[in-house]
Enquirer: 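The structure is given below, and queries will be raised subsequently.
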Amino acid sequence: MVKYDAKIVLLGEGAVGKTSLIHRFVQDTFSSNYKLTIGSNFLLKRIELDQTTRVLFQIWDLSGQQAFRTVRAQYYLYSRGAILVFDLTRLSTFQKLERWYSELIDKTGVIPLMLFGNKSDLEAQIQVDQHHPEEMAQRFNAKYVKTSALTGDGVEESFTELAREVVDHIKTKIKKD
Ligand code: G3D
Ligand code: MG
């Protein structure tokens with residue numbers, strides 16, 4: 001068994017569903033009662049990629065501290081992968097992605113990225129599709145997926161995909177060094 005430890009971060013505007021996505025993935029639940037965002041800084045989740053590869057994800061959630069740029073620098077430090085999240089029903093959260101992306105890359109360099117368009121269950125309210133989220137993802141060199149923390153749609157497979165890419169990225173880095 002080869003084991004990897006990797007910190008990953010979720011980023012994006014307030015109320016896009018970062019905390020809900022983490023809870024869905026780690027505990028497979030959805031509730032609107034953990035608003036205060038995880039008291040400690042991260043949750044752990046073990047992912048079995050195949051019979052010989054296991055990843056322990058340390059998943060960091062941005063909380064109210066996110067207002068402070070200096071705190072965000074710490075947050076990004078040593079991240080092996082990241083998930084940029086926007087809310088499919090609020091265009092403004094999509095338009096601010098660029099800013100989140102630059103800030104992250106500035107601190108971490110190139111790392112595997114996913115772009116989550118969250119709240120896909122609110123079909124009638126979706127505003128972002130005609131603004132080409134796939135193209136935004138391409139520019140970020142990220143994979144785009146629609147997710148719903150409410151129904152679980154897209155969540156587990158996308159975190160797992162990130163785990164796979166993080167492992168590949170770590171392996172290529174080791175080879176180069
Ligand atoms: P944040 O951590 O990015 O700030 P939260 O976002 O996870 O706190 O979620 C913000 C609000 O969106 C919450 O609603 C939460 O229940 C809701 N939400 C998160 N993900 C989804 C989703 O996939 N579908 C739907 N329909 N709602 C979602 P409230 O009303 O509790 O503030
Ligand atoms: Mg939160």
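The residues of the chain are indexed from 1 along the displayed sequence. As the structure lists them, so they are numbered: ligands from 1, and atoms in each ligand from 1.
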Enquirer: Grouping I, L, V, M, F, W and Y whenever their side-chain heavy atoms are under 4.5 Å apart, do V166 and L77 come out in a common cluster?
Expert: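 Different clusters: V166 never reaches L77 through Ile, Leu, Val, Met, Phe, Trp or Tyr contacts under 4.5 Å.
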
Enquirer: Can you name the nearest heavy-atom pair linking Y75 to L62, along with the distance?
Expert: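 What the structure gives for the nearest pair is OH-N, 3.1 Å.
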
Enquirer: What part of D121, side chain from CB on, backbone N/CA/C/O, both or neither, has a heavy atom under 4.0 Å from ligand 1?
Expert: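 D121 to ligand 1: side-chain contact only, backbone stays beyond 4.0 Å.
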
Enquirer: Numbering the atoms of ligand 1 from 1, which are under 4.0 Å from a heavy atom of A15?
Expert: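 Ligand 1 atoms under the 4.0 Å threshold to A15: 1 (P), 3 (O), 4 (O), 6 (O), 10 (C), 12 (O).
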
Enquirer: Please tell me whether L56 and F42 are part of a single hydrophobic cluster in this structure, the criterion being side-chain heavy atoms less than 4.5 Å apart.
Expert: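 Same hydrophobic cluster.
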
Enquirer: Closer than 4.0 angstrom, basic N to acidic O: yes or no for D129 and K146?
Expert: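 The answer is yes: the pair qualifies as a salt bridge.
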
Enquirer: Polar contacts were defined as any N/O atom of the residue lying under 3.5 Å from an N/O atom of the ligand; does this apply to G14 and ligand 1?
Expert: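 Min N/O separation from ligand 1 is not below 3.5 Å for G14.
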
Enquirer: Does atom CD (Q27) have a neighbourhood of more than 12 heavy atoms from anything else shown, all under 6.0 Å?
Expert: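 Yes, CD of Q27 has more than 12 neighbouring heavy atoms, counting only those of other groups under 6.0 Å.
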
Enquirer: G17 versus ligand 1: do any nitrogen or oxygen atoms come within less than 3.5 Å of each other?
Expert: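 N/O-N/O distance under 3.5 Å: yes.
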
Enquirer: Pairs of nitrogen or oxygen atoms closer than 3.5 Å, one from D61 and one from ligand 1: do any exist?
Expert: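 The answer is no, given that D61 and ligand 1 share no N or O pair closer than 3.5 Å.
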
Enquirer: At less than 4.0 angstrom from any non-hydrogen atom of S148, what atoms of ligand 1 do you find?
Expert: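 What qualifies from ligand 1 is 23 (O).
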
Enquirer: Does the side chain of M114 come within less than 4.5 Å of F159's, by heavy atoms?
Expert: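 No, every pair of side-chain atoms sits at 4.5 Å or beyond.
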
Enquirer: Which ligand 1 atoms are under 4.0 Å away from a heavy-atom of K18?
Expert: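 Taking each heavy atom of K18 in turn, ligand 1 has 1 (P), 2 (O), 3 (O), 4 (O), 6 (O), 7 (O) under 4.0 Å.
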
Enquirer: What is the ring orientation for Y144 with F86, classed by angle as parallel under 30°, tilted 30 to 60°, or perpendicular over 60°?
Expert: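 Judged by the thresholds at 30° and 60°, the geometry between Y144 and F86 is parallel.
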
Enquirer: Taking atom 11 (C) of ligand 1 as the point of reference, which of K146, H23, K119 owns the nearest heavy atom?
Expert: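 The residue whose heavy atom sits nearest atom 11 (C) of ligand 1 is K119.
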
Enquirer: Report the part of T147 in contact with ligand 1, treating N, CA, C, O as backbone and CB onward as side chain, heavy atoms under 4.0 Å; options are side chain, backbone, both, neither.
Expert: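 Neither part.
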
Enquirer: Regarding S20, does it place an N, O or S atom less than 2.8 Å from the Mg ion (ligand 2)?
Expert: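 Given the 2.8 Å cut-off, S20 does not count as a ligand of the Mg ion (ligand 2).
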
Enquirer: Which of the numbered atoms in ligand 1 are under 4.0 angstrom from any heavy atom belonging to L122?
Expert: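 Listed by number with element: 26 (N).
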
Enquirer: What do you reckon, is CD of Q130 surrounded by more than 12 foreign heavy atoms closer than 6.0 Å?
Expert: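 Yes, the 6.0 Å shell around CD holds more than 12 heavy atoms from other groups.
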
